[in-house]
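Remarks on the structure that follows.
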Amino acid sequence: MNNDLINCVNINKTYDQADEQLTVLSNLSFSVKEGERIGLTGVSGCGKSTLLHILAGLDLPDSGEVNFNGKDIVLLDRDDRAKFRNKNIGFVYQFHHLLPEFSAIENVALPLWLSGKSKENSLKEAKDILDKVDLKAKEGSKPNQLSGGERQRVAIARSIINKPSSILMDEPTGSLDRKNVDNFMNLVIDLSQDLNISLIIATHDKNVSSRLDRLLNLE
Ligand SMILES: Nc1ncnc2c1ncn2[C@@H]1O[C@H](COP(=O)(O)OP(=O)(O)OP(=O)(O)O)[C@@H](O)[C@H]1O
Ligand SMILES: [Mg+2]
C-alpha cells in the first residue's frame with residue numbers, strides 16, 4: 001500500500017474538430033497510490049472521459065507518460081496495450097455495457113475467458129464473484145431481466161474478475177437512484193479495501209465524490 005500505482009506526466013490531448021483544434025488536456029500530471037480512491041470532477045466537456053480512456057490505454061495522448069508501476073503504457077503497441085488492459089484494469093460505464101445475449105454469469109466470466117482461461121474455470125470464478133456482489137441468485141438472468149442497480153453490480157463483478165490493480169468508472173451511478181447510488185458506493189469501497197484496488201471515478205454526483213479519498217478537478 002501507498003506506493004504510486006499510476007503516475008501521469010505532462011499529458012496533452014488535442015482533438016481535431018471541424019474548423020478548429022480543441023485542447024482538452026494540457027500538461028496534466030498526477031499520481032494515484034495503490035488502493036487510493038479518486039474522484040474525477042469538472043464540468044461537462046472538460047475531459048473526464050478522455051482521461052479515463054487514456055488511462056485505460058483505449059486512447060493515446062498526443063504526448064506525455066502514463067506509467068503503471070513505472071511502466072509507460074503509451075510506449076506499448078496496440079496488442080500489448082490490450083493485454084495490459086485486460087489484466088490490470090477494470091472499466092465500468094454509466095450504462096453497464098453488458099452483452100444482451102449473455103447471462104449475468106457469462107458476462108462476468110468473459111474477460112477471464114478472453115485472457116485464456118478455460119470456459120469452465122472462467123464460469124466457476126464468475127460464480128464466486130457474483131456471490132461477492134450478492135447476485136448469485138441471478139446468475140442465469142440476461143441484462144434486460146435485471147434492475148439498473150443489479151446490472152451495475154454485474155458490471156462491477158465483470159470489472160474485478162481479472163483482479164485488476166485499478167477500476168476506472170465513467171459516471172457509473174448516472175442511471176441510478178439515491179438508494180442504489182449508496183449501495184453501489186458501499187460495494188465498490190468494500191471491494192477496493194478488501195482487494196487493494198485503486199478507484200478512479202468520473203462523477204457529477206456529490207453522493208459519490210464525498211465518499212472518495214481525493215478529488216481531481218479537471219478545469
Ligand atoms: N473523438 C473526438 N473527436 C473530437 N472531439 C472530441 C472527441 N472526443 C471528445 N471530444 C471533445 O473533447 C471534449 C472533452 O470530452 P469528454 O468526453 O472527455 O468530456 P467529459 O468531461 O467526459 O464530459 P461529460 O461530463 O459530459 O461526460 C468535449 O468538448 C468533446 O466534444
Ligand atoms: Mg464523460
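Numbering of ligands and ligand atoms starts at 1, following listing order. Only a predicted model underlies this, so the values are computations on that prediction, with no experimental measurement involved.
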Do ligand 1 and Val24 have nitrogen or oxygen atoms that lie under 3.5 Å from each other?
no
N or O pair under 3.5 Å between Lys48 and ligand 1
yes
Ligand 1 and Gly42, any nitrogen or oxygen pair closer than 3.5 angstrom?
no
Considering only the protein, which heavy-atom contact is closest to atom 29 (O) of ligand 1, and what is its distance?
Leu22 CD2, 3.4 Å
Atom 5 (N) of ligand 1 sits nearest the protein heavy atom Gln17 NE2, 3.0 Å
Measure across Pro143 and Phe102 and return the closest heavy-atom pair with its distance rounded to 0.1 Å.
CD-O, 3.1 Å
of all protein heavy atoms, closest to atom 14 (C) of ligand 1 is Gly45 O, 3.2 Å
Just checking Glu120: does its CD atom have more than 12 heavy atoms from other residues, nucleotides or ligands closer to it than 6.0 angstrom?
no
Heavy-atom distance under 4.5 Å between the side chains of Val188 and Ile167, does that happen here?
no
So the atoms of ligand 1 within less than 4.0 Å of a heavy atom of Thr50 turn out to be 14 (C), 15 (O), 16 (P), 18 (O)
Which protein atoms of type N, O or S are found under 2.8 Å from the Mg ion (ligand 2)?
Ser49 OG
One residue to check: Leu51. Relative to ligand 1, which of side chain, backbone, both or neither has a non-hydrogen atom less than 4.0 Å away?
neither
Mind checking whether Gly47 has an N or O less than 3.5 Å away from an N or O of ligand 1?
yes
If you have a sec, work out which protein heavy atom is nearest atom 27 (O) of ligand 1 and how many Å separate them, to one decimal?
Ser49 OG, 4.0 Å
Identify the protein heavy atom lying closest to atom 24 (P) of ligand 1, giving its residue, its atom name and the separation to 0.1 Å.
Ser44 OG, 3.7 Å
Heavy-atom side-chain contact between Met169 and Val208 under 4.5 Å:
no
Inter-residue atom distance Asp170.CG - Phe91.CZ, 0.5 Å rounding
5.5 Å
Show every side chain to side chain donor-acceptor pair (under 3.5 Å) that has at least one partner inside residues 71-94, sequence neighbours left out.
Asn86-Asn162
Would you compute the distance between atom CZ of Arg37 and atom OG of Ser198 and round it to the nearest 0.5 angstrom?
9.0 Å
Which residue and atom name correspond to the protein heavy atom nearest atom 1 (N) of ligand 1, and how close is it?
Tyr15 CE2, 3.7 Å
Should Asp128 and Lys132 count as an ion pair when the cut-off is N to O under 4.0 Å?
no
Of the non-hydrogen atoms in Leu55 and Ile6, which two are nearest, and what is the gap between them?
CD2-CG2, 4.1 Å
Do Glu125 and Asn121 have side chains that get closer than 4.5 Å, going by heavy atoms?
no
Write down the atom of Asn7, the atom of Ser31, and the distance for their closest heavy-atom approach.
OD1-CB, 3.8 Å
Only heavy atoms of His204, strictly under 4.0 Å: list the atoms of ligand 1 that pass.
25 (O)
Run the salt-bridge test on Asp213 and Lys33 with the 4.0 Å N-O cut-off and return the result as yes or no.
no
